[in-house]
A.B. asks: 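Shown below is the structure under consideration.
Heavy atoms only: backbone and side chains are in, while hydrogens, waters and symmetry mates are out.
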Amino acid sequence: MRWTVAQPAGPQDGTDREPGPHYKWIALSNTTLGVLIATINMSIMLIALPDIFRGIGVDPLQPGNTSLLLWLIMSYLVVTAVLVVSFGRLGDMYGRVRMYNLGFAVFTVFSVLLSVTWMHGTAGALWLIGMRVLQGVGGAMLMANSNAILTDAFPAHQRGLALGLNQVAGIAGSFVGLVLGGLLGPINWHLVFLVSVPFGLFGTVWAYLKLRDTGIRAPARLDWWGNLTFAIGLIAVLSGITYGIQPYGGHTMGWSNPWVITAIAGGLAMLVVFCVVETKVAEPMFHLALFRIRAFTAGNVASLLASLGRGGLMFILIIWLQGIWLPRHGYSFEQTPLWAGIYMLPLTVGFLIAGPFSGWASDRFGARTFATGGMLLAVGTFVALKELPVDFGYPMFALILLLNGLAMGLFASPNRAAIMNSLPPDQRGVGAGISTTFQNSATVLSIGIFFSLMIAGLAGALPGALSHGLTAQGVPAADAARVAALPPVGVLFASLLGYNPVQTLLGPQVLAQLPAGHADYLTGRAFFPALISPAFSDGLSVAFDFAIAACLVAAFASLLRGGRYIHGDRPLAVAPAAVGRNPDAPASPAPAPLKSPEPSAKLSPQPYARPSPAPPPPPPPEGSR
């Protein structure tokens, strides 16, 4: 086995002094700001898309523009999912703070370029997509290294709280983005991108002046083949999922499209090649042996499944609110995007309450109870959402959202802290990148699954309901048949974007031929919600069944993580029930002051460790209690 020297960072990275006693709080506040603006930009466009498309002169509901709409939504997610592992590995090699600082700068530069878009039409949409891709590069640098910086800065008995606050900021950012997009888009769509610039400038300067590399650096050569095969494989899979949502030929979705099948199958094959490459190269992009750590593997599997369960939830709830509930309760279709974000705030409040608490508590009692309990509570909330009538009472809906936010907060913070605690110090960057890749990839996959289930539910009942409802109001049979034959994805996107669906789909020429009363009824707040409710209810039921199954499996995976485990640490004074100790060995007395406690179990070297040329000290066992 080839060994390389793992070097401490800090002054060797060009800093001229050691961090002070309050450095950990500086690191927490700066990385929380970075993660917050990175995740806000995942969702801020969602509500503002109608204003953005009107600003550049593109109709997003035209069949030829569907791909532009989807890539504006998905490109940022795809890029961050693909690149976080590579940037995490680069952080391990060259300094996590260095990569993080660069990420802040890159993110800010392309936020500026997005806000000054001057082109119109398809060229303007392509420019926005390109700049979103490059903005996502900066976001990936931020997300890949923030958790590793915090893990380096905080002692083990405070990591859960720190990572919990950081994780809650990241998850809450996706909901804050909805409200910001709804507020800024109608004022001026350029503000949707410009709002990140002052925070990005401040964060870039602050990070450059204050952050220090305090962790272990592992100098190595860049694994070009590993990076290339991983990027190609994941991009192909996520692109295939994105195009699978779109209609193909006479089909309502594109899952039978040969290109989609080839992209997904080829991408999966390339990811298999990536795994083979990583076992052959001397200095791999990441060590597959990390997955021998039970706490790391179980935590990532649980995170993947939890993200599958909740990733598409935001889209489904927005469509539910915008397309049905809000119009029924007196809101015009133009008002629904902003109010959908506002009415979903209980979900964010739940995250904000449970995340810090569960992170703090997991420092003392371990992650398994909180993470498993959070997933089981999430299952209960999805069951409750499934039982709600489509035209629900808001207090009950808000309570369920609050409980769902509490559930996800109970899970997310302890689970991320347990993953980071399980990693060797010189692998924290790539380990955080792997965890973020699992989460972001699952979010893209979840959107594809939820949309597919909703479209499948609508495809059976919606065409007949549309045709019958339109002809009953005097719409010519040919025009009613044309609208009924449109792919259900158009109806979903119309609801998602806050367009009046019937007015958009029929067009002004057809509406002008109808009696004024009939035209007003068709384009009013009652017709479309009543028409879509039965079919939408069927699709919701199937989507929530999937979320329930995913969260149940996530709870089971979380239960299998084992007891509290911190890589390389000895028992802590605040939690004397030894971390990393064999549960079958007799308890040892508390160590005397100023003496290092002896390990309580026989240890064996791990293939991912990087000791000095002297015989390597063995790491602790992989699980405990």
A.B. asks: Over 60° means perpendicular and under 30° means parallel, so classify the ring planes of Phe392 and Phe397, tilted if in between.
C.D. replies: parallel
A.B. asks: CG of Leu423 to CD1 of Ile434: how many Å apart, nearest 0.5 Å?
C.D. replies: 8.0 Å
A.B. asks: Write down the atom of Pro414, the atom of Ala367, and the distance for their closest heavy-atom approach.
C.D. replies: O-CB, 3.4 Å
A.B. asks: Is there a side-chain contact between Ser307 and Phe438 in this structure, where contact means two heavy atoms from C-beta onward sitting under 4.5 Å apart?
C.D. replies: no
A.B. asks: Hey, can you tell me if Trp325 and Tyr394 have their rings parallel, tilted or perpendicular (30° and 60° cut-offs)?
C.D. replies: tilted
A.B. asks: Quick one: closest heavy-atom pair of Ala153 and Ala27, and the distance?
C.D. replies: CB-CB, 4.1 Å
A.B. asks: Looking only at the aromatic ring of each residue, does the gap between the centers of Phe365 and Trp360 stay below 6.0 angstrom?
C.D. replies: no
A.B. asks: Grab the two heavy atoms, one from Pro356 and one from Ile353, that are nearest each other, plus how far apart they are.
C.D. replies: CD-O, 3.9 Å
A.B. asks: I need the Leu338 CG to Gln322 CD distance, nearest 0.5 Å.
C.D. replies: 10.0 Å
A.B. asks: Quick check for you: to the nearest 0.5 Å, what is the distance between Leu178 atom CG and Ser43 atom OG?
C.D. replies: 4.5 Å
A.B. asks: Can any side-chain N or O of Asn41 pair as donor or acceptor with the backbone N or O of Ile37 at less than 3.5 Å?
C.D. replies: yes
A.B. asks: Report yes if the side chains of Asn404 and Phe382 come closer than 4.5 Å at any heavy-atom pair, otherwise no.
C.D. replies: yes
A.B. asks: Specify the closest pair of heavy atoms between Pro327 and Pro529, including all atoms of both residues, with the distance to one decimal.
C.D. replies: CB-CG, 3.8 Å
A.B. asks: Taking C-beta and beyond as the side chain, do Leu114 and Val192 meet within less than 4.5 Å on heavy atoms?
C.D. replies: no
A.B. asks: Are Leu401 and Tyr343 close enough, and set up right, to give a side-chain contact (heavy atoms from CB on, under 4.5 Å), and what steps lead you there?
C.D. replies: CA-CA 10 Å; Leu401 288 189; Tyr343 275 108; over 6 Å; no
A.B. asks: With side chains defined as the heavy atoms from C-beta onward, is the minimum distance between Ile318 and Met344 less than 4.5 Å?
C.D. replies: yes
A.B. asks: So do Ile419 and Asn300 actually touch side chain to side chain, heavy atoms under 4.5 Å?
C.D. replies: yes
A.B. asks: Look up atom CG in Asp51 and atom CD1 in Ile56, then write down how far apart they are to the nearest 0.5 Å.
C.D. replies: 11.5 Å
A.B. asks: Output the distance between atom OG1 (Thr381) and atom CG (Leu403), rounded to the nearest 0.5 Å.
C.D. replies: 7.5 Å
A.B. asks: After noting the C-alpha distance and the side-chain angles of Met45 and Ile73, does the key distance pass the side-chain contact (heavy atoms from CB on, under 4.5 Å) rule?
C.D. replies: CA-CA 7 Å; Met45 284 186 61; Ile73 296 173; over 6 Å; no
A.B. asks: Taking C-beta and beyond as the side chain, do Asp391 and Ile324 meet within less than 4.5 Å on heavy atoms?
C.D. replies: no
A.B. asks: Is a donor from one side chain sitting under 3.5 angstrom from an acceptor on the other, for Asn415 and Arg561?
C.D. replies: yes
A.B. asks: Would one find more than 12 heavy atoms of other residues, nucleotides or ligands at under 6.0 Å from atom CZ of Phe546?
C.D. replies: yes
A.B. asks: Quick one: closest heavy-atom pair of Gln135 and Ser111, and the distance?
C.D. replies: NE2-OG, 2.9 Å
A.B. asks: Hey, does Leu72 have a side-chain heavy atom less than 4.5 Å from the side chain of Phe53?
C.D. replies: yes
A.B. asks: Of all the heavy-atom pairs spanning Ser452 and Trp255, show the shortest one and how long it is.
C.D. replies: OG-NE1, 2.9 Å
A.B. asks: How are the rings of Trp206 and Phe202 set relative to one another: parallel (under 30°), tilted (30 to 60°) or perpendicular (over 60°)?
C.D. replies: tilted
A.B. asks: Please round to the nearest 0.5 Å and tell me the distance separating atom CD1 of Ile241 and atom CD1 of Ile447.
C.D. replies: 10.0 Å
A.B. asks: Any idea how Trp189 and Phe193 line up, ring-wise: parallel (<30°), tilted (30 to 60°), or perpendicular (>60°)?
C.D. replies: perpendicular
